[in-house]
Amino acid sequence: MGKFIQDFKDFAMRGNVIDMAVGVIVGGAFGKIVTSLVNDIIMPVVGILTGGVNFTDLAFELHPAELDTQGNIVAEAVKLQYGMFIQNIVDFLIIALCIFIAIRMLNKLKKKEEEKPAAAPEPSNEEKLLTEIRDLLKDKK
């Protein structure tokens, strides 16, 4: 049992697992930002362009609500909410676009780093000594 716990601890403390956990947390926060961008900024403009249609309200009623004799709802209406589906597609496309732009920028930065010439390696102690000897011999002449 002790080996199992140690193996799990080693696994959990690997850099990749921690990086992934940070990515999930940041991704969740990023998802909220994108949802707000879509719901609060983009969709109202789209609603104006489409004549005030709110996509989240778009639905096709498959079965009407059942009411009792006093008009109270006994069973909710069954709806196919295709508006929510459209909303989620818009959310996905914006998230995908943002990720694409971020990855593209990172790749450009990596290419710039790769294009920089590597610094000349420092001469070894033997080369330094040989250079000093050469310079001393030149001075004697």
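Since this is a predicted model, take the numbers as computed values, not measurements. All residue numbers in this chain count up from 1 along the given sequence.
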Handout entry: R134 atom CZ, neighbour heavy-atom count above 12 within 6.0 Å
Key = yes

Exercise for the section: Say whether, by atom type as modelled, one donor and one acceptor occur between the side chain of E127 and the main chain of S124 under 3.5 angstrom. Expected result: yes

Practice task
Check salt bridge (Lys or Arg N to Asp or Glu O under 4.0 Å) between K111 and all other residues, then give those that pass, not counting sequence neighbours.
Solution key: none

Handout entry: Residues that K128 engages under salt bridge (Lys or Arg N to Asp or Glu O under 4.0 Å), provided they are two or more places apart
Key = E122

Problem - Close side-chain approach of L67 and V74, heavy atoms under 4.5 Å - result: no

Practice task
For the residue pair N107 and I103, establish whether any side-chain heavy-atom pair is separated by less than 4.5 Å.
Solution key: yes

What residues, two or more places apart in sequence or in another chain, satisfy side-chain hydrogen bond (donor to acceptor under 3.5 Å, both in side chains) together with [X]?
{"X": "D68", "result": "none"}
{"X": "E126", "result": "none"}
{"X": "D135", "result": "none"}
{"X": "K3", "result": "D7"}

Practice task
Identify the two heavy atoms, one from A77 and one from A65, that lie closest to each other, and give their separation to 0.1 Å.
Solution key: CB-N, 3.5 Å

Exercise for the section: Measure across F60 and Y82 and return the closest heavy-atom pair with its distance rounded to 0.1 Å. Expected result: N-CE2, 3.9 Å

Exercise for the section: Find the distance between CG (L58) and CE (M84) and round it off to the nearest 0.5 Å. Expected result: 11.0 Å

Handout entry: Worked verdict on I101 versus L97 for side-chain contact (heavy atoms from CB on, under 4.5 Å)
Key = CA-CA 6 Å; I101 290 170; L97 178 66; 3.9 Å; yes

Exercise for the section: Please test I33 against L37 for side-chain contact (heavy atoms from CB on, under 4.5 Å), starting from the C-alpha separation and ending with a verdict. Expected result: CA-CA 6 Å; I33 291 170; L37 172 68; 5.5 Å; no

